[in-house]
Structure formats: structure tokens, C-alpha cells
Amino acid sequence: MYIAYSALRTKPKKGKPDLLSKELTQRYQGYQNACTKYKAEIAEIQKYIPGWLPPFELKA
């Protein structure tokens, strides 16, 4: 999920990156909630496909 989170960031301003928009922040929070809710199912899939995570789409 780090990759999805870092994709939401813009270039750093004064050493601190800003999020692209409130909507993308809400989408990422929803993604995190879904991953938390289905962590058992994700763990089962990762037994066969190590490192797999549900895709996070950046549609703005």
C-alpha cells in the first residue's frame, strides 16, 4: 500500500509533500479500509501470489 500512498503525493513543497486532492485522500482511505476488512482473504490470496494487493486506481 506504500506505493499507492506515495502515488497520491505531489512534489515536496518546503520539504513536506501535499496530497493531490481531498477526493484522492478519501479514495485512499477507502482502499485502506477495504484492505483491513478483507485482510484474511488477501492473506489467502498471498499464499499463492506473494506480495499481491488489490489494485488502487488513480482516476482523477
Side-chain angles (χ1 to χ4, degrees):
M1 284 197 278
Y2 174 78
I3 293 171
Y5 181 71
S6 62
L8 295 175
R9 302 248 174 199
T10 60
K11 294 180 182 177
K13 293 180 182 176
K14 297 183 183 178
K16 197 171 190 181
D18 294 328
L19 291 174
L20 291 174
S21 71
K22 184 177 178 180
E23 181 183 348
L24 286 177
T25 302
Q26 291 172 341
R27 285 186 197 183
Y28 180 68
Q29 289 172 345
Y31 175 79
Q32 280 186 315
N33 291 341
C35 287
T36 300
K37 181 177 179 178
Y38 295 106
K39 68 181 179 181
E41 289 84 351
I42 292 171
E44 290 296 318
I45 293 169
Q46 288 178 340
K47 287 181 183 178
Y48 302 100
I49 307 171
W52 180 87
L53 285 173
F56 179 79
E57 296 181 14
L58 278 174
K59 293 181 183 174

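Keep in mind that this is a model prediction, so the values were computed, not measured.
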Residues that Ile45 engages under side-chain contact (heavy atoms from CB on, under 4.5 Å), provided they are two or more places apart: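 By the side-chain contact (heavy atoms from CB on, under 4.5 Å) rule, Ile45 matches Ile49, Trp52.
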Heavy-atom check, side chain of Tyr31 versus side chain of Leu53, under 4.5 Å: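 Counting from C-beta outward, Tyr31 and Leu53 do come under 4.5 Å.
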Qualifying salt bridge (charged side-chain N to carboxylate O under 4.0 Å, His left out) pairs, either residue in residues 32-44, two or more places apart: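 Non-adjacent pairs meeting salt bridge (charged side-chain N to carboxylate O under 4.0 Å, His left out): Glu44-Lys47.
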Any donor-acceptor N/O pair, Tyr38 side chain to Asn33 backbone, under 3.5 Å: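 Checking the backbone N and O of Asn33 against the side chain of Tyr38, no donor-acceptor pair under 3.5 Å is found.
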